[in-house]
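The chains referred to below are lettered A, B, ... by the order of the sequence lines, with proteins before strands, and numbering in each begins at 1. Side chains included, hydrogens not; waters and symmetry mates left out as well; all remaining heavy atoms used.
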2 protein chains.
Amino acid sequence: MDTQLKRGLLDICVLAAIKTEDSYGYKIIKDIKPYMTMSESTLYPILRRLEEAGHLTVRSVEHNGRLRKYYHLTDAGRQKLKDFAEEWKEIMEIYEYVIREGNDNE
Amino acid sequence: MDTQLKRGLLDICVLAAIKTEDSYGYKIIKDIKPYMTMSESTLYPILRRLEEAGHLTVRSVEHNGRLRKYYHLTDAGRQKLKDFAEEWKEIMEIYEYVIREGNDNE
DNA sequence: CGATATACTATGCCACGCGAGGTATATCGT
DNA sequence: ACGATATACCTCGCGTGGCATAGTATATCG
């Protein structure tokens, strides 16, 4: 269940979480929870990295006297999601290689 | 192409490479090359970790005056491959979440 | 009135991928 | 004859990155 396999999907999940509409840290974690658990100390560095990479932009909004940061997917971020769909083909080839039954034994 | 996504598949790929018959480091790298590139400094630590975890056993064989280490998949290792097939279902759910078109915009 | 939910941040550990470099033999091209 | 390439193993050390821990601050719920 730890599945470090999922670790390769962390970034892309965050991008997916803000695909439909802008969102903020706490909500992103809740939204993706059905698919994977991500702690805050994992998410926020990812958000900062994605921002630096130009995949999203940040906008601070006052909320209950505190700042809430809304993240918005950029065109580059959207492209990243498309690239991911392409890369997935290679991933599936690896998957099929792995589950392919040995030709003889077992 | 760097695709840290593939990093989650490194271990499992190595196990798959010795699934049909025992193999050794250099050959494993060549065998999985069509699917992913793995450097030696990545593979050998993985092999040691998999051995410590009991997923494979090692046997040294003299070859051209040098030792060649053959790696053999254990039952535990075979189980790991089966577990992987199960975990993959969760991975596919994440994949579908990511590529699912937003309900409204875009 | 303490616990829980909301919401963001900083610090520091440890796992790990991988580049770089080391050793040694065999083979192949020129 | 000799350098390059392939085979085959190994170690060291850097940088990235996931995540536990802990801190700050408000609102709500039992």
Side-chain angles (χ1 to χ4, degrees), chain A residues 1-15 17-18 22-33 35-53 55-72 80 87 90-91 94, chain B residues 1-15 17-18 21-33 35-53 55-72 91 94:
Chain A
M1 191 83 56
D2 81 312
T3 324
Q4 76 247 68
L5 229 181
K6 293 185 180 174
R7 263 164 231 154
L9 297 166
L10 291 173
D11 286 37
I12 216 74
C13 262
V14 171
L15 292 179
I18 60 172
D22 295 358
S23 187
Y24 51 94
Y26 210 80
K27 184 162 187 295
I28 292 171
I29 286 177
K30 279 198 301 178
D31 287 346
I32 65 177
K33 191 144 203 173
Y35 309 102
M36 70 163 66
T37 302
M38 193 186 307
S39 78
E40 305 186 15
S41 52
T42 296
L43 175 64
Y44 289 111
I46 285 176
L47 286 169
R48 237 164 283 131
R49 260 183 280 140
L50 289 172
E51 187 195 359
E52 279 164 35
H55 294 130
L56 51 78
T57 54
V58 193
R59 166 177 49 102
S60 288
V61 175
E62 176 111 6
H63 178 75
N64 278 335
R66 292 175 57 72
L67 287 184
R68 182 188 271 172
K69 292 189 168 180
Y70 279 90
Y71 298 91
H72 173 76
K80 190 102 190 293
E87 282 167 26
E90 291 173 40
I91 298 296
I94 297 175
Chain B
M1 193 75 59
D2 81 308
T3 325
Q4 75 249 65
L5 229 180
K6 292 186 182 176
R7 264 167 230 155
L9 298 166
L10 292 174
D11 287 35
I12 216 73
C13 262
V14 171
L15 291 179
I18 60 172
E21 57 179 357
D22 296 357
S23 188
Y24 52 94
Y26 210 81
K27 183 161 188 296
I28 292 171
I29 287 177
K30 278 198 302 180
D31 286 347
I32 66 178
K33 192 144 202 172
Y35 309 101
M36 70 162 65
T37 302
M38 192 185 308
S39 77
E40 303 186 18
S41 54
T42 296
L43 175 64
Y44 289 112
I46 285 176
L47 286 169
R48 236 165 286 131
R49 261 184 279 140
L50 289 174
E51 188 195 358
E52 279 164 34
H55 295 131
L56 52 79
T57 53
V58 193
R59 166 176 50 101
S60 288
V61 174
E62 176 111 6
H63 179 74
N64 278 335
R66 292 174 58 70
L67 288 183
R68 181 191 270 174
K69 291 189 170 182
Y70 278 91
Y71 298 92
H72 173 76
I91 298 296
I94 296 174

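- Remark: Lys6(B) does not engage Glu87(A) in a salt bridge, criterion side-chain N to carboxylate O under 4.0 Å.
- Expressed to the nearest 0.5 Å, how far CG of Leu5(A) lies from CG of Leu5(B) amounts to 8.0 Å.
- Residue Ile12(B) contributes atom CD1, which lies 17 Å from atom C1' of dG17(C) at whole-angstrom precision.
- Under the Watson-Crick or G-U wobble criterion, with both distances below 3.5 Å, dC29(D) is paired with dG2(C).
- To the nearest angstrom, P of dT9(C) lies 14 Å from OH of Tyr24(A).
- Comparing atom distances between the Tyr26(B) side chain and each of dT7(D), dA5(C), dT25(C) picks out dT7(D) as nearest.
- Note: NZ (Lys69(A)) to C1' (dT24(D)) measures 15 Å, nearest angstrom.
- A straight line from CD of Gln4(B) to P of dG18(D) spans 7 Å, rounded to a whole angstrom.
- Contacts of residues 37-50 of chain A with DNA chain C (heavy atom under 4.0 Å): Glu40(A), Ser41(A), Tyr44(A).
- Looking at residues two or more places apart in sequence or on another chain, you find no salt bridge (Lys or Arg N to Asp or Glu O under 4.0 Å) involving Asp11(A).
- Here the side chains of Ile46(B) and Met38(B) are in contact, with some heavy-atom distance below 4.5 Å.
- Per the geometry, NE2 belonging to His63(B) stands 16 Å off P belonging to dA6(D), to the nearest Å.
- Interatomic distance, Leu50(A) CG to Leu15(A) CG, rounded to the nearest 0.5 Å: 5.0 Å.
- Positionally, the nearest nucleotide of DNA chain D for Arg66(B) lies more toward the 5' end than for the other of Arg66(B) and Asp11(A).
- Side-chain contact check for Glu40(B) versus Tyr26(B): some heavy-atom pair is nearer than 4.5 Å.
- Taking side-chain N and O atoms only, Lys6(A) has no distance below 4.0 Å to OP1 or OP2 of dG18(D).
- Residue Lys30(B) places none of its side-chain N or O atoms closer than 4.0 Å to OP1 or OP2 of dA6(D).
- With rounding to whole Å, Leu5(A) atom CG is found 12 Å from dG17(C) atom P.
- Separating the CG atom of Asp31(B) from the P atom of dT7(D) is a distance of 12 Å, rounded to the nearest angstrom.
- As rounded to whole Å, 15 Å separates atom P of dT6(C) from atom CD1 of Ile28(A).
- Between Arg7(B) and the phosphate of dC18(C), there is a side-chain N or O to OP1/OP2 separation shorter than 4.0 Å.
- The closest side-chain heavy-atom distance from Asp31(A) to Ile28(A) is not below 4.5 Å.
- Base pairing of dA10(C) is made with dT21(D), judged by Watson-Crick or G-U wobble geometry with both donor-acceptor distances under 3.5 Å.
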